[in-house]
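Because only heavy atoms are used, hydrogens play no part in the values below, and waters and symmetry mates are left out as well, while side chains stay in. Index from 1, following the sequence.
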Amino acid sequence: MLRRAESTVADGGLIRVCNGDIELAVETLGRPDAPPIIFLHGFPEHRGAWRKVAQHLAEDYRCLLPDLRGYGESSRPASVEAYRIDALIGDVDALVSACGGRKPMFAGHDWGGALAWWYAAAHGDRLDRLVIANAPHPAIFQQRLIDDPEQRAASGYIDRLRAPGAADALMEGGPKGLWDRMFAANPVFDEAARAEYLSAWSRPEAMDRMLNWYRASPFVLPETDGAPVPEWAEGTAMHVDLPVLILWGMADRVFLPHLLDGLDTVAPGNRIARFADIGHAIIHEIPAQLADAIKEFAES
């Protein structure tokens, strides 16, 4: 179900896409009749995370930037169960249906990239192609959490974000405190971005709902090597038969570069663009370069 909201944004409009009782706020840029790209953001962001990339593409594509479930102006159900992967896939499927029968391209970063991988493995026939920015294939990520102590240490934040009191700890000092700790030191974020993030984080129970993505996720972080791999991540699980462009900032300290190893076994149609000295915030740091890479990929 799709309906247009009263509010608008500079280059397009805000629409509402519904998946049952869940309503997603979706910013749109570009011509309605152009090929669609759906941009999926990560934690703890909002629909504007991909905007600078989308603005470079809006002349040739219809860009849809949703606030994902639990974020921004979209629905924020309270229960952890409401954030299981199947529920999130349902939201994304509603976004695909909103493209009017045209197969969209997905572009996902961080958690949005993980969700894009999951959707492509389950419903790849509904997509044109896939763009992933610093988001490992979930099965490969789970395998490295089990057999790679370095990646397991880098991912220790996952259990910390699942722990009781995590939302209060993150929001110590309020939204401004979180901004100062997470983003203020990065010069790519301007005052307009700051205002948007503070607004998104100021919504009732916003951080608690965002953290439900971590609480509901199937990722297992064992204390030592040797734990069994969950069935969902075994072998070549979650195979993706689509053209896939991987955009990877090699200075990412959250997702280490060797998470790119083994992609041919689960996504044989992949190509990788590596960016030296670029970190996890790749979509903010080099939006024009990413847009150029996406456009070249889409036209290949």
Proximity of W118 and F219 rings by center, below 6.0 Å | yes
For A167, does its backbone N or O pair with a side-chain atom of D208 as donor and acceptor, under 3.5 Å?
-> no
Between V229 and F141, is there a shared hydrophobic cluster once you connect ILVMFWY residues whose side-chain heavy atoms come closer than 4.5 Å?
-> no
Tightest non-hydrogen contact, residues W117 and P138, listed as CB-CD, 3.4 Å
Could you verify whether a donor N or O on one side chain and an acceptor N or O on the other, from N270 and D264, lie under 3.5 Å apart?
-> yes
For residues P66 and W50, determine if any side-chain heavy atom of one lies less than 4.5 Å from a side-chain heavy atom of the other.
-> no
Looking only at heavy atoms, the pair that brings V244 and A267 closest together is CG2-CB, 4.4 Å
Should we say atom CG of D261 is surrounded by more than 12 heavy atoms from elsewhere, each under 6.0 Å from it?
-> yes
Using the rule that two of Ile, Leu, Val, Met, Phe, Trp, Tyr join whenever any of their side-chain heavy atoms come within less than 4.5 Å, decide whether L145 and V220 are in one cluster.
-> no
Any L68 side-chain heavy atom under 4.5 Å of W213 side chain | yes
Kindly indicate, with the supporting measurements, whether the criterion side chain to side chain contact (heavy atoms under 4.5 Å, CB included) is fulfilled by D110 and I283.
-> CA-CA 10 Å; D110 187 76; I283 62 174; over 6 Å; no
Residue pair V131, M105: steps toward the side chain to side chain contact (heavy atoms under 4.5 Å, CB included) verdict | CA-CA 7 Å; V131 176; M105 183 192 318; 3.6 Å; yes
Sub-3.5 Å donor-acceptor pair from the side chain of N212 to the main-chain atoms of A78, do we have one?
-> yes
Are R152 and D225 ion-paired here, with the side-chain N under 4.0 Å from a carboxylate O?
-> yes
Main-chain N/O of R209 paired with R76 side-chain donor or acceptor, under 3.5 Å = no
Check whether L221 and I140 end up in the same hydrophobic cluster, where Ile, Leu, Val, Met, Phe, Trp and Tyr are linked by side-chain heavy atoms less than 4.5 Å apart.
-> yes
Is it true that a side-chain atom of Y83 and a backbone atom of P77 form a donor plus acceptor pair closer than 3.5 Å?
-> yes
Is the backbone N or O of Y214 less than 3.5 Å from a side-chain atom of S217, with the two atoms forming a donor-acceptor pair by type?
-> yes
Check: R62 side chain, C99 main-chain N or O, donor-acceptor pair, under 3.5 Å | no
Determine yes or no for a side-chain-to-main-chain donor-acceptor pair under 3.5 angstrom, with W232 supplying the side chain and M238 the backbone.
-> no
Is the closest side-chain heavy-atom distance between P287 and V188 below 4.5 Å?
-> no
Going by atom types only, do R126 and S97 share a side-chain donor-acceptor pair under 3.5 Å?
-> yes
Looking only at non-hydrogen atoms, find the nearest pair between Q151 and V254 and report the distance.
-> NE2-O, 3.0 Å
Under 30°, 30 to 60°, or over 60°: which ring-plane class applies to Y197 and W179, parallel, tilted or perpendicular?
-> tilted
D21, CG: over 12 other non-hydrogen atoms inside 6.0 angstrom | no
Of all the heavy-atom pairs spanning V17 and A98, show the shortest one and how long it is.
-> CG2-CB, 4.0 Å
With the threshold set at 4.0 Å, does a side-chain nitrogen-carboxylate oxygen contact exist between E73 and R16?
-> yes
Do we see a donor-acceptor contact under 3.5 Å between the side chains of R47 and S74?
-> no
If the plane angle is over 60° it's perpendicular, under 30° parallel, otherwise tilted; pick one for F189 and H284.
-> tilted
For the side chain of H258 and the backbone of R144, is there at least one donor-acceptor N/O pair under 3.5 Å apart?
-> no
Within one Ile-Leu-Val-Met-Phe-Trp-Tyr cluster: Y71 and I89, side-chain cutoff 4.5 Å = yes
Please examine the side chains of L260 and R274, heavy atoms only from C-beta on, and report whether any two atoms are closer than 4.5 Å.
-> yes
Would you call L211 and L170 a side-chain contact if the rule is heavy atoms closer than 4.5 Å?
-> yes
Just by distance, do the side chain of T236 and the backbone of T265 share a donor-acceptor pair under 3.5 Å?
-> no
Hey, is CD on E296 packed in by over 12 heavy atoms from elsewhere, all under 6.0 Å?
-> no
Does the side chain to side chain contact (heavy atoms under 4.5 Å, CB included) test come out yes or no for N19 and D93, once each step is laid out?
-> CA-CA 8 Å; N19 172 30; D93 201 50; over 6 Å; no
Does the distance from a Lys or Arg side-chain N to an Asp or Glu carboxylate O, for R51 and E27, drop under 4.0 Å?
-> yes
Is there side-chain contact between H109 and I282, with heavy atoms separated by less than 4.5 Å?
-> yes
Looking at D33 and R31, does any basic side-chain N land under 4.0 Å from a carboxylate oxygen?
-> yes
What is the minimum heavy-atom distance between S300 and R271, and which atoms define it?
-> OG-NH2, 3.4 Å
Heavy-atom check, side chain of C63 versus side chain of T28, under 4.5 Å = no
When you look at V96 and F106, which way does the side chain to side chain contact (heavy atoms under 4.5 Å, CB included) test go after all the steps?
-> CA-CA 9 Å; V96 172; F106 272 6; 3.7 Å; yes
Check: K52 side chain, A288 main-chain N or O, donor-acceptor pair, under 3.5 Å = no
Salt bridge present between D292 and K295 (N-O < 4.0 angstrom) = no
Considering residues, nucleotides and ligands other than E223, do more than 12 of their heavy atoms fall under 6.0 Å from its CD?
-> no
Is it the case that one hydrophobic cluster holds both I158 and M207, taking links as side-chain heavy atoms less than 4.5 Å apart, direct or via other members?
-> yes
Does L95 reach the side chain of L64, with side-chain heavy atoms less than 4.5 Å apart?
-> no
Shortest non-hydrogen contact from M171 toward W201 = CE-O, 3.9 Å
